[in-house]
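Working notes, beginning with the structure itself.
Scope of the values below: all heavy atoms of this structure, side chains included, with no hydrogens, waters or symmetry mates.
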Amino acid sequence: MIRTVESEQHVSAPVLAAYSYCEAVTGQQARNFAYGIRLLPTSKRRAMSALYAFSRRVDDIGDGTLAPDVKAVRLEETRALLARVRAGDVAEDDTDPVAVALGHTAEYFPVPLGGLDELIDGVLMDVRGETYETWDDLKVYCRCVAGAIGRLSLGVFGTEPGARGAERAPEYADTLGLALQLTNILRDVREDAEGGRTYLPADDLAKFGCSAGFDGPTPPQGSDFAGLVHFEVRRARALFAEGYRLLPMLDRRSGACVAAMAGIYRRLLDRIEREPEAVLRGRVSLPGHEKAYVAVRGLSGLDARHVSRRTVRRRV
């Protein structure tokens, strides 16, 4: 069983200011993520914002315009900062609010900070321009940049006392991260191509005649782009189905947070499945009212109850 601290006795003014900065970053940069974490109690919401703000910093280095060798140096500097946080060497009055907030989070929640090292490793793969021949190859990358975030988040959420199968919670959190990342890859296939990146496995691209890449608003001539998308959608759905087994292990509000974030991405997946070529014309997204509906559904516990019933039927 994984437990977390629901609230702190006292949070100093410098730490509160650091958390406020992280929450502002989260609200501005991660609309889907922010929809989910607003369902959490204050202490958990702050902690998730700290994790996001640090992760955003790592991602921004990888996505920026610096030369690859400079990016690599910046990422290692960020890793050194993480080592300071892990060692408890960041003071409350430190000038880096993200480090202050992350240090406080690590003090009060059992977050596996090594997951942020994995994130840095994944972004270094981007910096080196790595491509992926098979799904097994791509899974390594996805586990670094998304599965690790799932495991970090579980450190904040915790699991309910007596939850059946709770020892597998980190595995399910990791798998849910893979599902979210594969959905991101499908959504951003054109944007990534314009940036010189290809994430979908080369084996899959070849199978559907898409090895030429995606440098325009239409699929490669003679390709079965819809077939490729539907193939990857099925893979993502299987990952969601496995990862959703985490939900009944969480308390109501943590489960609502996870259900909201995952639900938004599942609906994105539905849209991509209905109109595969839309991802080549621009970013597919959900309107605010639909995100709000997903959040309400998560808070109601419908998804968690559905997963619980399905799991019981499988055992029977």
Side-chain angles (χ1 to χ4, degrees), residues 1-8 19 22-56 101-102 105 108-112 115 146-161 163 166 168-181 183-184 239-269 286 288-308:
M1 179 180 69
I2 302 169
R3 296 297 296 159
T4 62
V5 176
E6 286 294 331
S7 61
E8 304 89 48
Y19 275 129
C22 292
E23 289 188 281
V25 169
T26 303
Q28 293 165 6
Q29 301 292 327
R31 289 186 293 272
N32 290 344
F33 186 81
Y35 256 93
I37 67 171
R38 69 175 58 179
L39 302 174
L40 294 171
T42 300
S43 61
K44 291 184 178 182
R45 188 186 68 246
R46 289 172 180 161
M48 291 295 289
S49 294
L51 290 173
Y52 176 83
F54 188 92
S55 302
R56 180 76 264 167
L102 184 61
T105 292
Y108 282 94
F109 293 94
V111 289
I149 302 303
R151 285 176 267 121
L152 284 158
S153 300
L154 182 62
V156 174
F157 297 145
T159 54
E160 282 285 81
R168 299 190 65 184
E171 173 190 335
Y172 295 141
D174 184 277
T175 300
L176 199 54
L178 264 64
L180 298 177
Q181 186 63 24
T183 304
N184 269 339
L239 293 168
F240 273 116
E242 181 72 7
Y244 260 52
R245 298 180 75 172
L246 174 67
L247 291 182
M249 302 175 185
L250 306 177
D251 67 74
R252 179 171 175 265
R253 291 176 71 175
S254 295
C257 172
V258 174
M261 288 188 286
I264 288 170
Y265 277 86
R266 287 184 70 185
R267 283 173 175 260
L268 281 174
L269 206 59
L286 297 184
H289 68 84
E290 194 166 348
K291 292 179 183 179
Y293 168 78
V294 174
V296 170
R297 180 182 172 87
L299 194 58
S300 72
L302 287 172
D303 292 316
R305 289 196 295 273
H306 175 70
V307 173
S308 295

For [X] and [Y], work out which heavy atoms get closest and say how close.
X: G155; Y: P110; answer: O-CD, 3.4 Å
X: A169; Y: T159; answer: CB-CG2, 3.8 Å
X: R45; Y: R38; answer: CD-CA, 4.2 Å
X: A166; Y: M249; answer: CA-SD, 3.9 Å
X: V156; Y: K44; answer: O-CE, 3.5 Å
X: R151; Y: P170; answer: CG-O, 3.6 Å

Roughly how far, to the nearest 0.5 Å, is [atom2] of [Y] from [atom1] of [X]?
X: I37; Y: M261; atom1: CD1; atom2: CE; result: 7.5 Å
X: Y265; Y: T183; atom1: OH; atom2: OG1; result: 8.0 Å
X: L152; Y: M48; atom1: CG; atom2: CE; result: 9.0 Å
X: R266; Y: L269; atom1: CZ; atom2: CG; result: 8.5 Å

- [ ] Using side-chain contact (heavy atoms from CB on, under 4.5 Å) as the criterion, point out the one residue from L246, L180, L239 that pairs with T175.
- [x] L239
Open item on the list: Whether R46 engages the ring of Y108 as a cation-pi pair (distance to the six-membered ring centre under 6.0 angstrom, angle to the ring normal within 45°) should be assessed.
Closed with: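 Because its charged atom misses either the 6.0 Å distance or the 45° angle limit, R46 does not stack over Y108.
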Could you tell me if the side chain of [Y] sits less than 4.5 Å from the side chain of [X], heavy atoms only?
X: L51; Y: I149; result: no
X: L178; Y: Q181; result: no
X: L268; Y: N184; result: no
X: T105; Y: Y19; result: yes
X: F157; Y: D251; result: no

Task: Backbone of L39 reached by a side-chain donor or acceptor of R253 within 3.5 Å - done: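 Yes, because the side chain of R253 sits within donor-acceptor range (under 3.5 Å) of the backbone of L39.
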